[in-house]
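Heads up, the thing below is written out as structure tokens.
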Amino acid sequence: MTDVKATVRAFIDTLNRRDWDRFGELFAEDASYTVQGYELPGAGTMDRETALQVLPGLLSLFDEDSPRVEVTHMIAEGSWVLAEAQGTGAFRDGTRYENRYANVYEVVDGRIRTVREYMDTQHMANLFAAVTAVA
């Protein structure tokens, strides 16, 4: 039986390290990644291929080692995991980044099939607007 919490921790670690090869290995072929929000650029559901293209571009707005996502709590039931986390770091222009997350993951056969990312989308939209205005 797959340790679903360990799979989610490994998945988050790949994002922190920007290890896109490992990210792809952990992301199921039929995966979906949903950023919950209405008016946040990039919100909505991405299939696997779109997520593999969009996420590296999004993270390129940040300093090389940012953002760092640290899991603070994790609950699992069957193939589903809820991970509460804190994201910290800085954008390339020096703007500080802090956000809180509550993400839902579905793990099937040792790979992530579903990600639903919940965060303060208004805060994120304000940060993106400020950072991209000076870019």
* So does Glu70 have more than 12 non-hydrogen atoms from other groups sitting under 6.0 Å from CD? -> no

* Roughly how far apart are Ser60 OG and Arg92 CZ, rounded to 0.5 Å? -> 6.5 Å

* **Same apolar cluster: Trp80 and Val108, side chain cutoff 4.5 Å** => no

* Straight-line distance of Thr50 OG1 to Leu55 CG, nearest 0.5 Å -> 10.0 Å

* Asked: With distance as the sole test, does Thr72 use its side chain to make a donor-acceptor pair with the main-chain N or O of Glu84 at under 3.5 Å?
  -> yes

* **Heavy-atom donor-acceptor pair, Asp19 side chain to Arg22 backbone, under 3.5 Å** => yes

* To do: Mind listing the closest non-hydrogen atom pair of Met74 and Ala83 along with its distance?
  => CE-CB, 4.2 Å

* To do: Identify the two heavy atoms, one from Gly37 and one from Ala43, that lie closest to each other, and give their separation to 0.1 Å.
  => O-CB, 3.4 Å

* Would a distance-only check, ignoring hydrogens and angles, find a side-chain to backbone donor-acceptor pair under 3.5 Å from Thr34 to Arg116? -> no

* **Nearest-0.5 Å distance that lies between atom CG in Asp120 and atom CD in Glu98** => 12.0 Å

* Among Tyr105, Phe23, Tyr33, which residue meets the side chain to side chain contact (heavy atoms under 4.5 Å, CB included) test with Ile112? -> Tyr105

* Asked: Closest heavy-atom contact between Asn16 and Pro67?
  -> OD1-O, 3.6 Å

* Taking all non-hydrogen atoms of both residues into account, name the closest pair between Thr7 and Gly110 and its distance. => CG2-O, 3.5 Å

* Give the minimum heavy-atom separation between Phe27 and Arg111, together with the two atoms involved. => O-NH2, 2.9 Å

* When clusters are formed by joining ILVMFWY residues with side-chain heavy atoms under 4.5 Å apart, either directly or through shared neighbours, do Val107 and Leu82 land in the same one? -> no

* To do: Please report the closest heavy-atom contact between Arg17 and Arg68, naming both atoms and the distance.
  => N-NH1, 4.2 Å

* Asked: CG of Asp65 to CZ of Arg18: how many Å apart, nearest 0.5 Å?
  -> 7.5 Å

* Should Leu52 and Met46 be marked as a side chain to side chain contact (heavy atoms under 4.5 Å, CB included) after you check the CA-CA gap, both sets of side-chain angles, and the distance that decides it? -> CA-CA 9 Å; Leu52 287 171; Met46 298 175 274; over 6 Å; no

* Heavy atoms of other groups near Arg100 CZ, more than 12 under 6.0 Å -> no

* **Derivation and outcome, side chain to side chain contact (heavy atoms under 4.5 Å, CB included), residues Leu15 and Val69** => CA-CA 8 Å; Leu15 288 170; Val69 175; over 6 Å; no

* Asked: Are Phe11 and Asn103 close enough, and set up right, to give a side chain to side chain contact (heavy atoms under 4.5 Å, CB included), and what steps lead you there?
  -> CA-CA 12 Å; Phe11 187 76; Asn103 291 349; over 6 Å; no

* Carboxylate-amine/guanidinium proximity below 4.0 Å for Asp30 and Arg113 -> yes

* Pairwise side-chain contact, Tyr97 with Ser66, heavy-atom cut-off 4.5 Å (strictly under) -> no

* Centroid-centroid under 6.0 Å between Tyr118 and Tyr101 rings -> no

